Structure formats: C-alpha cells, structure tokens
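What you are looking at is a predicted structure, and each value in this text was computed from that prediction instead of being measured.
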Amino acid sequence: MREQRGLTLSGFLLWSVVVIVGLLLGFKLFPAYYEYYSIKRTFNIIAKDETLRSLTKRDVESSFVRRATMENIQALGPYDLSINKEDGQWVIEAQYSVQVPLFGNLSACMDFAPRSDKN
C-alpha cells in the first residue's frame, strides 16, 4: 500500500502566511531601494557627462536638480551632495537614511550611500 503524500490545510495556511508577510515587506521596502538605484544611476550619468567636466560644482548641482525632478527623487536635495573632482571627472556621493513604517510602531531604517562610479 502506498503512503499518502501532499500538503495539509494547516501547512498550506502556514506557508501562505509566510509568503504574504514576505510580499508585504517587499512591497514596503522596494520603493526605497528603487530610489537608491535611481540616485546612483543619476550620479553616474552626471559624472560621465562630457559637457559638465569643465563647469563648476554649482552647475553639477543644478544638473542633479533637473534630473532628480524628472526621476522623482525626493530623498536628496542639492545640498546633500558631496561633489569632488578626481582625475578630471566629477565624483558625486551622498549619505542618507530612509525610515519606512511597517506596522504599528515597528519601522525599518535603511542607510544608503550612493556614489558615482569612477571609470
């Protein structure tokens, strides 16, 4: 006689709760990570822009403001940036924290430090 195999109702409900909680956490945390990658991509675009190499820090800041408006970046402003020139290329970096409320009085605090790549 063969042994029965399968998933019980209680096992199904337990795994369903685990998956749902995981998805809810992902949906809450994804926007912060997406904004971080948008900021990093914007930094790289600005740093590699040939027309900005001979200009001032103020011009780089204004370029970031224009691009941040288009990309809907709200975590950083132009005064949060650290802009330096290394080997004739702009290096843009920043540090910021994002606090995402999860439920009740529980929040996730994430620290980000985007930096433009040196190429």
Taking side-chain hydrogen bond (donor to acceptor under 3.5 Å, both in side chains) as the test, write out the residues that go with [X], two or more places apart.
X     : answer
Thr56 : Asp59
Gln74 : Asn72
Asn84 : none
Thr8  : Ser10

Heavy-atom closest contact ([X] atom, [Y] atom, distance):
X      : Y     : answer
Ala32  : Val98 : CB-CG1, 4.0 Å
Arg115 : Glu86 : NH2-OE2, 3.7 Å
Gly88  : Arg53 : O-CD, 3.5 Å

In terms of hydrophobic clusters joined by side-chain contacts under 4.5 Å, are [X] and [Y] together?
X     : Y     : result
Leu9  : Leu7  : yes
Trp15 : Leu25 : no
Leu23 : Val18 : no

>> Using only atom types and a distance under 3.5 Å, with no angle test, would you say the side chain of Ser116 pairs donor to acceptor with the backbone of Ile92?
In response: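 Checking the backbone N and O of Ile92 against the side chain of Ser116, a donor-acceptor pair under 3.5 Å is found.
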> In a check of side chain to side chain contact (heavy atoms under 4.5 Å, CB included) between Thr42 and each of Ile46, Ile45, Ile39, which one passes?
Replying inline: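 Filter result, single survivor: Ile46.
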> So do Leu55 and Val60 actually touch side chain to side chain, heavy atoms under 4.5 Å?
Replying inline: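 Sidechains of Leu55 and Val60: no contact.
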>> Under the salt bridge (charged side-chain N to carboxylate O under 4.0 Å, His left out) definition, can you give me all pairs with a residue in residues 17-43, not counting sequence neighbours?
In response: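 Matches after skipping sequence neighbours: Lys40-Asp117, Arg41-Glu71.
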> With sequence neighbours left out, which residue pairs that include part of residues 96-112 fulfil the salt bridge (charged side-chain N to carboxylate O under 4.0 Å, His left out) condition?
Replying inline: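 As it turns out, there is no salt bridge (charged side-chain N to carboxylate O under 4.0 Å, His left out) pair with a partner in residues 96-112 once direct neighbours are skipped.
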>> Going by ring-ring contact (aromatic ring centres under 6.0 Å, His included), name the pairs with one or both residues in residues 38-67, residues two or more places apart or in two chains.
In response: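 Passing the test, one end in residues 38-67: Phe43-Phe64.
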> Which residue pairs pass the ring-ring contact (aromatic ring centres under 6.0 Å, His included) test when at least one of the two sits in residues 74-117, sequence neighbours left out?
Replying inline: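 Found Tyr33-Phe112, Tyr36-Phe112, Tyr96-Phe112.
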My understanding is that only residues two or more places apart in sequence, or in another chain, count here; which of them pass side-chain contact (heavy atoms from CB on, under 4.5 Å) with [X]?
X     : result
Phe30 : Tyr34
Ile20 : Leu24
Asp80 : Leu76

> Taking only residues two or more places apart in sequence, or in another chain, which ones meet Glu61 in a salt bridge (charged side-chain N to carboxylate O under 4.0 Å, His left out)?
Replying inline: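 In terms of salt bridge (charged side-chain N to carboxylate O under 4.0 Å, His left out), with neighbours along the sequence ignored, Glu61 is linked to Arg58.
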> Going from NZ on Lys85 to OG on Ser54, what distance comes out if it is rounded to the nearest 0.5 angstrom?
Replying inline: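 It comes to 7.0 Å.
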>> Quick check for you: to the nearest 0.5 Å, what is the distance between Asp49 atom CG and Ser63 atom OG?
In response: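 Result: 6.5 Å between the selected atoms.
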